**Student:** 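The following block contains the structure, expressed as structure tokens.
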Protein chains: 2
Amino acid sequence: MTERTARQKIVDAAGALMEKRGYHGTGLNEIIQVSQAPRGSLYYYFPAGKEELAAAAARQTGEMMVAYLERDLERHADIVDGLMTFFTGLADHVVSNNCQAGAPLAVIALETAGESDRLREACRHAYQSVQAVLERKLLGNGYTPDRSRDLALLISAAIEGAVILARVEQAADPIRRIAAQLGALLLATPHCRIE
Amino acid sequence: MTERTARQKIVDAAGALMEKRGYHGTGLNEIIQVSQAPRGSLYYYFPAGKEELAAAAARQTGEMMVAYLERDLERHADIVDGLMTFFTGLADHVVSNNCQAGAPLAVIALETAGESDRLREACRHAYQSVQAVLERKLLGNGYTPDRSRDLALLISAAIEGAVILARVEQAADPIRRIAAQLGALLLATPHCRIE
DNA sequence: GTCTATACGGTGATAGAC
DNA sequence: GTCTATCACCGTATAGAC
């Protein structure tokens with residue numbers, strides 16, 4: 001119990017801070033301070049240090065992303081409706097953090113993919129999971145296997161790109177416009193939809 | 001002359017290094033070492049230090065991105081053909097850097113948009129320029145004004161997302177698949193195309 | 001499990017000679 | 001314009017007591 005919450009608080013703080021300032025921009029001291037977890041616990045739970053902690057944070061945020069996506073997609077039979085709900089939630093997340101959050105995986109991936117296989121693999125797995133959820137739902141909506149796979153890839157890329165543009169513009173507008181455009185394209189594309 | 005090349009070498013090195021390791025992950029010493037520019041020149045040309053240098057690097061890479069995009073789009077009458085050429089060049093750039101480069105704006109934007117207005121503005125301007133080029137070409141290809149604007153936004157987001165996924169997968173495959181999917185969607189969407 | 005103290009390198013930045 | 005020396009600070013990581 002006490003073990004789990006201390007570790008958990010550290011992972012939560014690391015994830016939140018790195019989502020805003022990135023991997024190299026986030027200090028271990030800052031993580032401890034924000035988490036209000038015991039200072040001595042960090043290297044107890046993460047013997048390999050910052051890299052291991054960041055991997056755990058990336059894994060967790062990936063799982064949360066998948067959970068949100070699954071929840072929104074299950075809620076609607078039509079994948080376009082589900083996607084729009086997801087994008088709305090994403091926009092809320094970004095604005096409620098003063099447009100300084102979103103794309104927690106992208107920052108870590110871009111900063112560290114070249115240096116740390118461990119972190120690259122954690123991000124890769126998270127993106128694969130997101131794409132798997134999308135692909136499954138697209139298949140269920142009557143898209144062909146090939147198209148489901150590639151559309152899932154495009155959507156996951158658009159999600160990350162949308163957040164980047166939103167943070168740069170300091171507004172949720174790009175996310176909303178990209179969501180709408182994606183929805184229109186999904187409906188217009190030939191996809192063997194079951195009507 | 002000597003003035004220009006020294007400054008230029010520093011900006012080039014800063015841009016290349018930050019493209020791989022990000023803003024906080026790139027040290028000033030490393031920039032000087034790689035650039036082989038005089039150590040004393042850094043704060044002479046960039047009195048405001050690292051932030052000013054990074055802004056110059058972001059501006060330059062943005063201009064290069066616009067230049068490549070314009071070149072490829074002008075080369076083909078059909079925007080889809082031009083875009084495919086651009087994505088091919090992007091994939092080449094990524095693989096020729098061992099999948100550790102690409103998306104130079106995205107890293108800086110995600111790391112620093114919350115802390116530095118100067119850097120956020122530099123990235124914002126670059127993205128706006130890219131979108132402007134795309135929008136103009138879409139208009140010329142018969143897409144409506146609204147759709148041209150939003151498609152340009154989606155495409156710019158997909159470019160960044162594609163590079164992120166390619167770097168995580170250490171392969172150009174995601175870029176190629178996203179390009180193909182984007183091309184198919186551009187052709188399928190209702191757009192008042194002049195046939 | 002957690003704490004404190006500390007080692008040690010690297011960081012961005014500045015001053016003053018040339 | 002450029003160099004060198006030096007600054008104060010912060011980073012991660014470790015050691016050893018409790």
Side-chain angles (χ1 to χ4, degrees), chain A residues 1-58 107-108 111-112 114-119 122, chain B residues 1-58 107-108 111-120 122:
Chain A
M1 162 73 90
T2 154
E3 183 179 332
R4 208 188 150 274
T5 56
R7 200 195 116 106
Q8 190 57 43
K9 284 197 288 188
I10 295 174
V11 174
D12 289 344
L17 285 170
M18 289 183 184
E19 182 171 353
K20 298 186 188 181
R21 307 194 231 296
Y23 177 82
H24 290 115
T26 302
L28 256 28
N29 296 333
E30 206 178 358
I31 292 173
I32 289 303
Q33 186 187 344
V34 168
S35 71
Q36 286 181 322
R39 288 191 87 82
S41 301
L42 209 158
Y43 282 91
Y44 174 78
Y45 291 112
F46 306 96
K50 190 181 187 181
E51 188 185 357
E52 184 179 2
L53 169 56
V107 213
I108 296 177
E111 278 182 281
T112 69
E115 290 170 331
S116 162
D117 280 342
R118 178 181 220 151
L119 284 174
Chain B
M1 161 77 89
T2 154
E3 181 179 336
R4 209 189 149 273
T5 56
R7 200 196 117 107
Q8 191 58 42
K9 284 197 287 187
I10 295 175
V11 174
D12 289 344
L17 286 169
M18 289 183 183
E19 183 171 353
K20 299 186 186 179
R21 306 195 231 296
Y23 177 83
H24 290 115
T26 303
L28 256 29
N29 295 333
E30 206 178 359
I31 292 173
I32 290 303
Q33 185 186 344
V34 168
S35 71
Q36 285 181 323
R39 289 191 87 80
S41 301
L42 209 158
Y43 282 93
Y44 174 77
Y45 291 112
F46 306 97
K50 189 182 189 181
E51 187 185 357
E52 184 179 4
L53 169 55
V107 213
I108 296 177
E111 279 182 283
T112 68
E115 290 170 331
S116 162
D117 280 344
R118 179 181 221 151
L119 284 173
R120 189 182 58 78

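Predicted model, so just to flag it, every value in this text is computed and none were measured. No hydrogens, no waters, no symmetry mates; every other heavy atom, side chains included, goes into these values. Letters go in sequence order (proteins before strands), and every chain restarts at 1.
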**Student:** Starting at atom CD1 of I31(B), determine the distance to atom P of dT11(C), rounded to an integer number of angstrom.
**Tutor:**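 That distance rounds to 10 Å.
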
**Student:** In whole angstrom, what separates K50(A)'s NZ from dT14(D)'s P?
**Tutor:**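 The answer, rounded to whole Å, is 15 Å.
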
**Student:** Judged by atom type as modelled, is there a donor-acceptor pair below 3.5 Å linking the side chain of E111(B) to the main-chain atoms of H24(B)?
**Tutor:** yes

**Student:** Between dG12(C), dT12(D), dC3(C), which nucleotide gets closest to the side-chain atoms of N29(A)?
**Tutor:** dT12(D)

**Student:** Starting at atom CD of Q33(B), determine the distance to atom C1' of dT11(C), rounded to an integer number of angstrom.
**Tutor:**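 Value for this atom pair: 15 Å.
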
**Student:** T112(B) and side chain to side chain contact (heavy atoms under 4.5 Å, CB included): which single residue from V107(B), D117(B), L119(B) fits?
**Tutor:** L119(B)

**Student:** Measure from CZ on F46(A) to P on dT14(D) and round the result to the nearest Å.
**Tutor:** 15 Å

**Student:** Write down the distance between CZ (R39(B)) and C1' (dA13(C)), rounded to a whole number of angstrom.
**Tutor:** 12 Å

**Student:** Whole Å only: how far is the CG atom of L17(B) from the P atom of dT11(C)?
**Tutor:** 12 Å

**Student:** Picking from dA13(C), dT2(D), dA13(D), which would you name as closest to the side chain of L28(A)?
**Tutor:** dA13(D)

**Student:** Below 4.5 Å, heavy atoms only, C-beta onward: do Y23(A) and E51(A) meet side chain to side chain?
**Tutor:**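 Touching, per the 4.5 Å side-chain cut-off.
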
**Student:** Any idea which heavy atoms bring S35(A) and K9(A) closest together, and the distance?
**Tutor:**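 Between these two residues, the closest heavy atoms are CB-O, 3.4 Å.
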
**Student:** Which whole-number value in Å describes the distance from I10(A) CD1 to dC3(C) C1'?
**Tutor:** 13 Å

**Student:** Quickly work out the Y44(B) OH to dT14(C) P distance and round it to whole Å.
**Tutor:** 17 Å

**Student:** Using OP1 and OP2 only, check whether a side-chain N or O of Y43(A) sits under 4.0 Å from dA13(D).
**Tutor:** yes

**Student:** Using the side-chain heavy atoms of P38(B), tell me which of these nucleotides is nearest: dT2(D), dT2(C), dT12(D).
**Tutor:** dT2(D)

